[in-house]
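All values derive from a computational prediction rather than experimental measurement. All values below were derived from every heavy atom in this structure, side-chain atoms included, with hydrogens, water molecules and symmetry-related copies excluded. Atoms within a ligand are numbered from 1 in the order they appear, just like the ligands themselves.
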Amino acid sequence: MLQFELLQNDPSSHARRGTLTLNHGVVQTPIFMPVGTYGTVKGVMPRSLEEMGAQIILGNTFHLWMRPGLDIMESFGGLHDFEKWNKPILTDSGGFQVWSLGAMRKITEEGVHFASPVNGDKLFMSPEVSMQIQTTLNSDIVMQLDECTPYETKGHLTTQAEARKSMEMSRRWAQRSKDEFARLENPNALFGIVQGGMFENLRQESLDALVEMDFPGYAVGGVSVGEPKDLMLQIMAHTPHRLPAHKPRYLMGVGTPEDLVQGVADGVDMFDCVMPTRNARNGTIFTRFGDLKLRNARHKTDHQPIDTTCTCHACAGTSGVSWDQGGREGFSRAYLHHLDRCGEMLGPMLATIHNLHYYLNLMQEVRDALDAGTFAAFRAQFKADRARGV
Ligand SMILES: CNc1nc2cc(C(=O)NN)ccc2[nH]1
Ligand SMILES: [Zn+2]
């Protein structure tokens with residue numbers, strides 16, 4: 001089941017405020033979705049995710065199919081009970097992971113043949129298989145199986161003819177995904193995925209065909225695949241706002257804080273990205289006033305937290321009172337620098353809590369600005385703050 005209610009349109013952009021009601025709960029949009037590849041958002045307890053405001057998280061179909069496998073997922077009735085997350089979950093189709101396997105795969109109209117990266121077994125992924133796996137996972141939002149058209153392959157830029165061929169196969173796989181989803185009587189929501197590479201005419205054809213199939217929600221895929229930033233921004237400016245206004249729009253695999261704010265302005269409701277979690281593990285921290293590298297020697301003696309305006313557990317401790325508000329329970333930059341230098345596991349854990357809180361809080365501030373009708377002013381302040389430097 002899926003209901004999307006449009007609450008407010010921003011007069012200065014394509015931004016909109018909405019609520020998404022799914023089988024495991026209600027999601028306020030625009031929203032950032034933390035990525036939980038193997039059934040865990042790396043290093044973060046489900047309760048902490050809830051405390052920082054996460055409303056929906058991602059699971060990767062491919063990885064969970066490989067390990068622990070469908071029989072174990074079946075025995076738990078799906079992913080929610082297995083990972084003890086009782087709010088909504090979105091699972092991708094597995095296609096993106098199979099494509100990133102590179103040489104170890106063979107693509108046919110029927111589906112993709114490949115060798116398991118876990119044990120070398122010969123495996124086959126088709127729209128029907130992907131729907132069967134996602135039905136077992138019982139995710140609230142299921143993604144069709146498509147081909148994530150590459151931007152370039154071994155230095156060869158994908159031509160419009162090649163992108164068309166790929167997009168047209170994804171369109172046929174969208175219909176097969178829809179038919180199998182219905183045959184399985186899956187009670188959740190299936191999203192179609194717009195492809196078409198970096199070609200606006202192909203994006204329009206893909207969009208029109210998927211809208212014709214009447215999905216409850218739509219994603220824009222095939223970006224953030226190595227293309228120059230200006231091409232990603234061009235597709236983000238072209239496609240999302242052309243999707244049906246009364247249905248949720250999901251931009252896959254994007255992006256930096258700046259990409260999220262621009263994406264909201266371009267009409268996107270949902271984002272997922274590994275940046276906050278992956279960058280945290282390598283000591284790159286997002287803050288209101290710019291990004292910082294924990295390893296930099298300048299942090300060695302600094303008693304301040306990584307972000308003096310932040311109320312997360314890393315910056316403000318259990319009190320939740322930020323440094324700027326007088327709180328002194330947070331961990332210092334000196335301590336996080338030390339943990340990073342020692343390779344201590346608490347380092348990535350605290351950095352992940354902060355980065356996820358930063359992304360989730362940023363989207364909360366975006367929703368608040370849309371509710372107040374001050375999104376244009378918010379964007380200007382956001383840009384000025386981020387340029388200040390930490
Ligand atoms: C990190 N970049 C990134 N691009 C993605 C594209 C897709 C896609 O087109 N799926 N059908 C999925 C996940 C992605 N993550
Ligand atoms: Zn923080």
Between [X] and [Y], does any side-chain N to carboxylate O distance fall below 4.0 Å?
X    : Y    : result
R47  : E50  : no
R171 : E147 : no
E205 : R164 : yes

Legend entry - Residue part near ligand 1, for V223, under 4.0 Å between non-hydrogen atoms: backbone
Legend entry - Lys/Arg cation over aromatic F289: R388, 6.0 Å, 45° cone: yes
Inset, instruction - Would you mind running through ligand 1 and noting each atom that sits below 4.0 Å from a heavy atom of I193? - result: 11 (N)
Legend entry - Backbone or side-chain N/O/S of H313 under 2.8 Å of the Zn ion (ligand 2): no
Legend entry - the Zn ion (ligand 2) contact by H357, N, O or S atom under 2.8 Å: no
Inset, instruction - For the atoms SG of C310 and SG of C312, give the angle they form at the Zn ion (ligand 2), rounded to 10 degrees. - result: 110°
Legend entry - C315 atom SG and H354 atom ND1 as seen from the Zn ion (ligand 2), angle to 10 degrees: 100°
Legend entry - Rounded distance [0.5 Å steps], CG in D81 versus CG in N138: 11.0 Å
Legend entry - D272 side, atom CG; L58 side, atom CG - distance, nearest 0.5 Å: 4.5 Å
Inset, instruction - List the closest protein heavy-atom neighbour of atom 13 (C) of ligand 1: residue, atom name, distance to the nearest 0.1 Å. - result: F96 CG, 3.6 Å
Inset, instruction - Measure from atom 2 (N) of ligand 1 to every heavy atom in C273, S224, G222, G255 and give the option owning the shortest one. - result: S224
Inset, instruction - Run the contact test for Q195 against ligand 1 with a 4.0 Å cut-off on heavy atoms, strictly below, and give the result. - result: yes
Inset, instruction - Examine ligand 1 and decide if any of its atoms is less than 4.0 Å from a heavy atom belonging to D146. - result: yes
